[in-house]
Amino acid sequence: MIRQLPQSVVNKIAAGEVIERAASVVKELLENALDAGATRVDVSVEAGGSELVRVADNGRGIPAEELPLAVASHATSKLVNADDLFRVGTLGFRGEALASIAEVSRFLLRSRTGDDSGGAQIEVNGGQSQGVQPCGCPTGTTVEVRQLFFNTPVRRKFLKTAQTEMGHVSEAFTRLALAHPRVSFTLRHNQRAVYDLPPTESWRERIGRFFGPELEQALIGVQSDDGDVQLTGFVAHPSQSRSHPRMQYLFLNGRHIRDRALSHALQEAYRGLLLTGRCPISFLWFSMPPELVDVNVHPTKLEVRFQDGGRLYSQLLGTLRTKFLTTDLNTKLEAKPTSELAAAHDPQRAEQLRQELVDWAKGEMARWEPAGLSSAPAALQPTAAPAGSAVAAAPARRPLEINLLDRSWPETTPRGNQDATHLEATPAAMPVESPTPRAQPAARSSSALQVHNRYLIAEVDEGMVVIDQHALHERILYEQLRVKVLAESLESQSLLVPEPVDLTAPEMAAVLEHRELLARLGVQIEPFGGDTILVRSYPAMLANIRPQEMLRGLVDQLMAGGKTPDRRDLLDELLHMISCKAAIKAGDRLTSEEISALLEQRDLVQDTHHCPHGRPTALVFTREDLDRQFKRT
Ligand code: ADP
Ligand code: MG
């Protein structure tokens with residue numbers, strides 16, 4: 001027997017089409033806020049959205065008498081007749097979102113228009129309207145959706161963990177906030193700020209807010225216009241790619257869309273530029289007359305139908321190919337935006353840390369200082385990591401910040417440094433422990449010959465030593481840091497905007513398994529849905545290393561060799577990272593002062609035979625060897 005379904009069942013079926021999970025609620029409410037012309041939208045979510053989604057906007061509001069219509073199905077202010085359906089200029093138009101949401105939640109909408117002196121609210125419980133009441137509220141609309149799917153238990157059961165759901169919420173938020181850079185947005189989860197996005201005229205800046213300065217730096221602007229269709233936006237330099245296509249953002253007339261053909265054009269444009277299995281990153285924006293596209297073919301409007309898809313495909317592919325041909329991708333590959341990265345972190349905090357470190361070391365020095373010595377012998381670079389932020393303006397390599405030796409130091413020094421007496425002691429010198437007897441050959445003079453901008457050749461008592469400048473400096477920094485770290489735990493710095501990092505499933509499992517250990521090292525992480533993890537805090541001394549890079553290093557350590565790494569292994573990995581990043585590089589030309597200081601430090605720091613990675617820092621050629629080679633004996 002065929003029967004007409006009751007309205008409540010019809011509504012619940014309809015709700016299922018549009019509202020799949022909390023993220024769908026966020027998407028629909030954000031779209032409404034943007035359609036209402038809001039310039040500020042605040043989103044607040046509890047328990048991944050299953051307990052609460054609240055979206056507050058400062059848009060034009062809804063008159064009190066229209067509130068019942070706003071939550072009625074197929075009621076919209078955005079379409080007048082059927083023709084409008086084929087030139088949609090708003091994000092919403094079907095008039096079913098609020099009705100669907102209110103059908104499957106405890107729903108409250110408060111609104112006030114600019115003309116009204118007071119606001120009004122409507123409450124709907126699982127589709128049952130509780131009527132309209134006056135209320136006080138600012139101009140705009142606030143919608144609260146509590147206990148999603150409370151009356152459809154099967155659906156509620158399908159919701160994943162709060163973290164997974166929050167991942168979807170965040171993605172929905174990201175898509176809309178990316179599409180509307182001029183609107184300021186905030187997102188909070190369980191009272192904690194996840195995103196706080198000021199309005200901006202620069203799309204690049206908004207993208208950077210979400211995905212960090214490294215990607216922002218790697219963005220290549222693209223643009224083309226074929227009369228009907230304007231394409232503008234960014235693609236990432238091939239040095240930035242992902243193992244998945246989720247960072248390919250396509251927007252059409254302000255709406256985020258997915259389109260296989262366009263994704264294919266994108267992949268095609270990068271052919272030969274990326275390793276197999278890697279996906280390009282893009283933020284592309286298409287504008288075209290609304291009548292050239294049908295947005296009414298997908299329940300959540302994620303997919304659209306273009307009148308001339310082939311033309312669009314060619315336009316995208318052609319634009320990118322031309323861009324890549326005219327861009328010198330190689331030089332950009334090498335350009336490391338370290339200075340900007342460093343500057344992106346709080347420079348004041350970095351300076352404060354540096355100072356703390358110097359003070360600490362001075363204090364330590366006072367304890368170690370041998371009697372009779374009034375000043376410390378030598379100076380090492382105070383952790384280059386935090387100090388790095390001071391160099392935002394430096395064009396290339398920051399000079400090796402070596403504080404020169406105090407030459408008034410007694411002649412008791414075992415190493416003759418007479419050739420360097422003109423050098424002045426630097427007051428801000430960071431002292432290190434006094435010289436310990438060396439098992440390795442000490443350089444006889446603090447001068448050396450730099451060859452190929454990477455090796456130093458110096459005379460030692462036994463003969464001659466060839467030093468790898470990067471490996472040595474790295475080792476020196478490592479030892480300094482280790483002393484500091486063993487004395488007290490690493491300071492942790494919370495990120496204002498937690499950084500998402502994509503991991504594979506086994507990496508994810510390994511990281512979560514060691515979550516507490518990582519937390520003790522100052523690295524706070526939490527799962528963020530899918531295979532994404534959020535880095536909430538990280539060791540402050542890593543100020544000029546991207547949290548993402550830092551986590552990657554730790555993950556590699558966690559995955560290496562199959563054995564469970566202990567705290568020391570992980571700590572070591574962090575120290576390696578800091579020292580490697582901060583050390584002078586192969587290819588850096590050193591001044592003679594820098595060379596001397598490096599050689600001095602070599603004598604002062606323990607265990608400089610090998611860099612922290614175990615590579616030798618120096619090769620010694622004894623005089624006997626040389627004599628033998630030259631057939632002198
Ligand atoms: P649609 O967006 O497709 O029109 P909705 O169910 O999402 O359908 O919203 C119904 C109507 O309620 C909208 O057409 C609009 O007039 C009004 N409305 C909903 N949310 C807002 C808001 N945040 N600000 C102003 N008006 C709103
Ligand atoms: Mg809507």
Side-chain angles (χ1 to χ4, degrees), residues 10-12 14-20 23-44 53-82 84-105 107-116 119-124 127 129 132 135 137-145 148 172-173 175-177 179-180 183-186 253-256 290 294-302 304:
V10 173
N11 290 349
K12 284 198 181 65
E17 289 264 291
V18 191
I19 307 302
E20 201 187 338
S24 333
V25 174
V26 170
K27 170 181 182 283
E28 294 296 338
L29 297 182
L30 281 175
E31 288 189 351
N32 283 345
L34 293 164
D35 280 344
T39 57
R40 180 182 173 99
V41 187
D42 297 298
V43 184
S44 207
V53 172
R54 180 195 297 119
V55 174
D57 69 55
N58 64 355
R60 69 180 70 89
I62 308 169
E65 62 277 13
E66 290 190 5
L67 286 184
L69 265 180
V71 298
S73 52
H74 308 300
T76 179
S77 58
K78 300 169 194 175
L79 290 186
V80 178
N81 56 43
D84 293 346
L85 204 48
F86 302 99
R87 44 168 186 267
V88 172
T90 50
L91 293 166
F93 54 85
R94 292 185 188 138
E96 61 189 356
L98 292 189
S100 297
I101 296 168
E103 190 66 38
V104 292
S105 68
F107 177 100
L108 176 70
L109 185 153
R110 288 198 174 99
S111 197
R112 196 186 119 191
T113 66
D115 302 335
D116 290 323
Q121 69 174 47
I122 185 165
E123 212 182 317
V124 186
S129 172
V132 177
C135 74
C137 65
T139 306
T141 304
T142 298
V143 178
E144 280 181 14
V145 176
L148 185 64
F173 176 89
R175 291 170 178 178
L176 277 146
H180 299 271
V183 176
S184 75
F185 289 90
T186 62
N253 294 347
R255 184 192 304 282
H256 170 266
D294 188 352
V295 291
N296 195 23
V297 294
H298 187 273
T300 63
K301 306 166 202 131
L302 185 56
V304 299

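In this text, all values refer to a predicted model and were calculated from it rather than measured experimentally. All ligand and atom numbering here is 1-based and tracks the order in the structure.
- A 4.5 Å side-chain heavy-atom check between Arg175 and Leu30 finds every atom pair outside the cut-off.
- At least one side-chain heavy atom of Arg40 sits under 4.5 Å from a side-chain heavy atom of Thr186.
- The main-chain N or O of Ile62 is found under 3.5 Å from a side-chain atom of Ser111 such that the two form a donor-acceptor pair.
- Proximity of Glu31 to ligand 1, defined as any heavy-atom pair under 4.0 Å, is not found for any part of the residue.
- Every atom of ligand 1 is numbered from 1 in the order shown, and the set under 4.0 Å from a heavy atom of Ala97 is 6 (O), 7 (O).
- Residue Asn32 has at least one N or O atom closer than 3.5 Å to an N or O atom of ligand 1.
- The Asp57 neighbourhood of ligand 1 comprises atoms 22 (C), 23 (N), with distances under 4.0 Å to a heavy atom of that residue.
- Under the rule for a side chain to side chain donor-acceptor pair (under 3.5 Å), Ser105 has no partner lying at least two apart in sequence or in another chain.
- Heavy atoms of Glu28 come nearer than 4.0 angstrom to ligand 1 in no pair at all.
- Separation of atoms CG (Asp116) and OG1 (Thr139) is listed at 8.5 Å; rounding is to 0.5 Å.
- Note: an N/O pair closer than 3.5 Å links Thr141 and ligand 1 by distance alone.
- Residue Glu96 approaches ligand 1 through these ligand atoms, each under 4.0 Å from one of its heavy atoms: 6 (O), 8 (O).
- Using a distance-only test at 3.5 Å, with no hydrogens or angles considered, a donor-acceptor pair links the side chain of Arg60 to the main chain of Asp35.
- The N/O atoms of Ala99, backbone and side chain alike, include none that comes under 3.5 Å of an N/O atom in ligand 1.
- Contact annotation: for Ala36 versus ligand 1, heavy atoms closer than 4.0 Å belong to the side chain alone.
- Close contacts of ligand 1 with Ala70, meaning ligand atoms under 4.0 Å from a residue heavy atom, involve 10 (C), 12 (O).
- Val145 approaches Val25 most closely through the heavy-atom pair CG2-CG1, 3.9 Å.
- Under 4.0 Å from ligand 1, the heavy atoms of Ile62 that appear belong solely to its side chain.
- You'll find the side chain of Val143 stays beyond 4.5 Å of the side chain of Ile101, heavy atoms only.
- Between Gly61 and ligand 1, not a single N/O pair is under 3.5 Å apart.
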